[in-house]
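Below is one structure, written out as structure tokens, with a few remarks after it.
Because only heavy atoms are used, hydrogens play no part in the values below, and waters and symmetry mates are left out as well, while side chains stay in.
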Number of protein chains: 2
Amino acid sequence: MEYYSKQINKLIEELSILPGIGAKSAQRLAFHILNMPKEQVRGLSQALLSARENVCYCDSCYTLTDSELCPICKNPSRNSHMIMVVENPRDLVAYEKTQKYEGVYHVLHGAISPMLGIGPGDIKLKELMNRLQGEVEEVIIATNSSLEGETTAMYISKLIKPTGIKVSKIASGVPVGGDLEYIDEMTLFRALEGRVEL
Amino acid sequence: MEYYSKQINKLIEELSILPGIGAKSAQRLAFHILNMPKEQVRGLSQALLSARENVCYCDSCYTLTDSELCPICKNPSRNSHMIMVVENPRDLVAYEKTQKYEGVYHVLHGAISPMLGIGPGDIKLKELMNRLQGEVEEVIIATNSSLEGETTAMYISKLIKPTGIKVSKIASGVPVGGDLEYIDEMTLFRALEGRVEL
């Protein structure tokens, strides 16, 4: 049974394809949009279209950008001899926000997952190896601390080791401000293993 | 500091104006959209634009629709002598889903709220009174059970009483499947007040 007129149904249906937006949220969003100023809706509609049409991979690090090279790879003050490997552009941004990392990145766009049938050939791994032909001093692996992320980290480190380039991995441990009581056993174990002398 | 290229920033910014979508969700949505097939993004962009351009109020009940009359007002098998007054089109749909109501609706598009400066003139109340000139037998008030909804219900009933048309209000009480222990005092009190003989 159709409760709405055709155009409203169509809008709700299109909004429901977005991640984390179920039928109820799509309905709420749709009515909000129908009450927004026309100009604002045009802006949103245009931004969607234009971002999707113009955004591509950075030629060097494979993050998403709208020019040949992303702002980070273009920046001459970044240390291009140090590459941090991340799973996706959001992880890159997470590290950028720390304002403490001065090297460049490499975005894999995924992680190896035998369960989901994602193999080394399905992520930007060949592209990473190609970059190592240049003058790279260190590769810092910053994949997620999940099964897939760890598998990917292991795989990459085995691949790079023979080249003699230094490979490191960001530390696992108790998050800053974390209350020990609420932290899982695996993290506590890792924090103990990775303890540093004071 | 800008972490993304211009077009991605613009998309994130436009998505953040939607209700319930904060900076983090907008970022997640944006990257999902950038990975969607172009055809799908075009569909979404088009649905937004076209819904906003073509959707208007139903000439009779003021719900949102894309033709002069909404499907419910157009339907000759609905009882047009019985009008259920709701705050917004989502409430109308909630009652439609019960498939038990055979009358028509009137959508107020809001509720009286002195706090927010919304008076009787700011909702579709005059339009409701105009409809009562016709052959109406009963007005069922189904505004929300909030302070604003109750105020609006009271106001409408006072307005209609002198016309001699029957005015009723949907029952307050314990929701079906509700566990008494978790229900607020006000609802329990209303349920007691509105008890029905068995």
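- Residues from residues 85-94 of chain A that place a non-hydrogen atom less than 4.5 Å from a non-hydrogen atom of chain B comprise P89(A), R90(A), V93(A), given in numerical order.
- Side-chain contact between E138(A) and H81(A) is absent, with no heavy atoms from C-beta onward closer than 4.5 Å.
- The candidate from L18(B), D66(B), L11(B) with the greatest count of non-hydrogen atom pairs under 4.5 Å with chain A is D66(B).
- In terms of heavy atoms, Q7(A) sits closest to V55(B) at CB-CG2, 4.2 Å.
- Taking the side chain as every heavy atom from C-beta outward, L128(B) and I123(B) never approach each other to under 4.5 Å.
- Note on C70(A), A51(A), S25(A), S45(A): by heavy-atom pairs under 4.5 Å with chain B, the leading option is S45(A).
- Once rounded to the nearest 0.5 Å, the distance linking CD of E102(B) with CE of M84(B) reads 11.5 Å.
- Side chains of S146(B) and N144(B): a donor-acceptor N/O pair is absent below 3.5 angstrom, by distance only.
- When the candidates L48(B), I72(B), N54(B) are compared by the number of heavy-atom contacts under 4.5 Å with chain A, L48(B) comes out ahead.
- Comparing S50(A), A47(A), P19(A) by heavy-atom pairs within less than 4.5 Å of chain B, the highest count is held by P19(A).
- In this structure, NE2 on H109(A) lies 7.5 Å from CG on N35(B), to the nearest 0.5 angstrom.
- In terms of heavy-atom pairs under 4.5 angstrom with chain A, the leader among E14(B), Q46(B), Q40(B), R52(B) is R52(B).
- At a threshold of 4.5 Å between non-hydrogen side-chain atoms, the residues V104(A) and M82(A) do not count as touching.
- Of the listed residues T63(A), L64(A), L34(A), L29(A), the one with more heavy-atom pairs under 4.5 angstrom with chain B than any other is L34(A).
- Here K38(A) is the residue among K38(A), K10(A), E13(A), M36(A) with the most heavy-atom pairs under 4.5 Å with chain B.
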Step by step, work out the side-chain contact (heavy atoms from CB on, under 4.5 Å) result for S145(B) and R190(B). CA-CA 11 Å; S145(B) 192; R190(B) 289 281 185 80; 4.1 Å; yes

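- Taking the side chain as every heavy atom from C-beta outward, T163(A) and I160(A) approach each other to under 4.5 Å.
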